[in-house]
Amino acid sequence: QVQLVESGGGSVQAGGSLRLSCIVTGYTSFGYCMAWFRQAPGKGREGVAQILTKDDTTDYADSVKGRFTISRDNVKNTVFLQMNSLKPEDAATYYCAASRPWLDTCVPLLEEGYNYWGRGTQVSVSS
């Protein structure tokens, strides 16, 4: 059974940084996508960044390009989201997600492209 557990959320001032982590267990297949989504109160879930484990191809939402970096540690089965220059509008619950395996490409940051989800970690950014 695939399980995703996020950590690393917290409260920071605008301009600060946080690093989120997502530990993946139970996934023995190859070539799947990992992503970070976020959801602010009263808003829909938004795709932030994704990475294809086959070749580490990454993709980002325009709102975070140049500030956020998604990466992974294959040995530790962990995906990271380094968030720099945080803005108040980045405040949200951040969710880790994994797709089905055997993919050559990831769908463009859409919820329906992901099959497994973590419970989320809260990020607050004060101005």
Side-chain angles (χ1 to χ4, degrees):
Q1 182 178 359
V2 178
Q3 291 188 322
L4 310 175
V5 179
E6 304 96 334
S7 62
S11 298
V12 295
Q13 290 189 330
S17 298
L18 280 174
R19 188 194 196 202
L20 306 183
S21 299
C22 173
I23 297 177
V24 185
T25 58
Y27 213 138
T28 59
S29 299
F30 179 74
Y32 55 95
C33 299
M34 292 293 304
W36 288 95
F37 286 76
R38 67 186 180 187
Q39 187 168 19
K43 295 187 177 182
R45 194 169 294 187
E46 173 192 20
V48 174
Q50 65 186 10
I51 185 167
L52 177 62
T53 60
K54 174 183 176 182
D55 58 11
D56 287 341
T57 300
T58 58
D59 191 21
Y60 298 90
D62 288 342
S63 59
V64 306
K65 281 182 181 177
R67 300 188 298 122
F68 290 12
T69 302
I70 188 170
S71 62
R72 68 187 188 98
D73 184 326
N74 191 40
V75 174
K76 296 181 180 179
N77 292 326
T78 303
V79 177
F80 304 99
L81 185 68
Q82 178 66 44
M83 305 187 295
N84 298 328
S85 302
L86 281 161
K87 304 175 181 179
E89 51 263 43
D90 294 318
T93 300
Y94 282 71
Y95 298 91
C96 180
S99 72
R100 63 177 178 83
W102 310 113
L103 296 178
D104 291 322
T105 186
C106 301
V107 295
L109 288 170
L110 297 174
E111 284 188 74
E112 48 264 42
Y114 289 86
N115 303 82
Y116 308 100
W117 294 84
R119 293 189 175 185
T121 185
Q122 185 74 34
V123 171
S124 299
V125 184
S126 58
S127 56

Going by the side chain to side chain contact (heavy atoms under 4.5 Å, CB included) test, name the single residue among Val64, Ile51, Val79 that passes it with Trp36. Val79
Side-chain heavy atoms of Val123 within contact of Leu20, under 4.5 Å: yes
Min side-chain heavy-atom separation Asp104-Lys54 under 4.5 Å: yes
If you count the non-hydrogen atoms of other residues, nucleotides and ligands that lie under 6.0 Å from CD in Gln13, is the total more than 12? no
Check ion pair Lys65-Asp62 (N to O, under 4.0 angstrom): yes
Residues which pass salt bridge (Lys or Arg N to Asp or Glu O under 4.0 Å) with Asp59, listed by chain and number, not counting sequence neighbours: none
Please enumerate all residues that pass salt bridge (Lys or Arg N to Asp or Glu O under 4.0 Å) together with Asp55, with sequence neighbours excluded. none
Rounded to the nearest 0.5 Å, the CE atom of Met34 sits from the OG atom of Ser71 at a distance of 11.5 Å
Is it the case that one hydrophobic cluster holds both Tyr60 and Leu18, taking links as side-chain heavy atoms less than 4.5 Å apart, direct or via other members? yes
Ile70 with Leu4, same ILVMFWY side-chain cluster at under 4.5 Å: yes
Output all residues satisfying ring-ring contact (aromatic ring centres under 6.0 Å, His included) with Phe37, sequence neighbours left out; order by chain, then residue number. Tyr114, Trp117
Determine whether a donor-acceptor pair (N or O, by modelled atom type, separation under 3.5 Å) exists between the side chain of Glu6 and the backbone of Cys96. yes
Measure from the side-chain N and O atoms of Arg72 to the backbone N and O of Thr53, and report whether any donor-acceptor pair falls under 3.5 Å. yes
Any chance you could lay out the side chain to side chain contact (heavy atoms under 4.5 Å, CB included) test for Leu81 and Arg38, step after step, and finish with the verdict? CA-CA 12 Å; Leu81 185 68; Arg38 67 186 180 187; over 6 Å; no
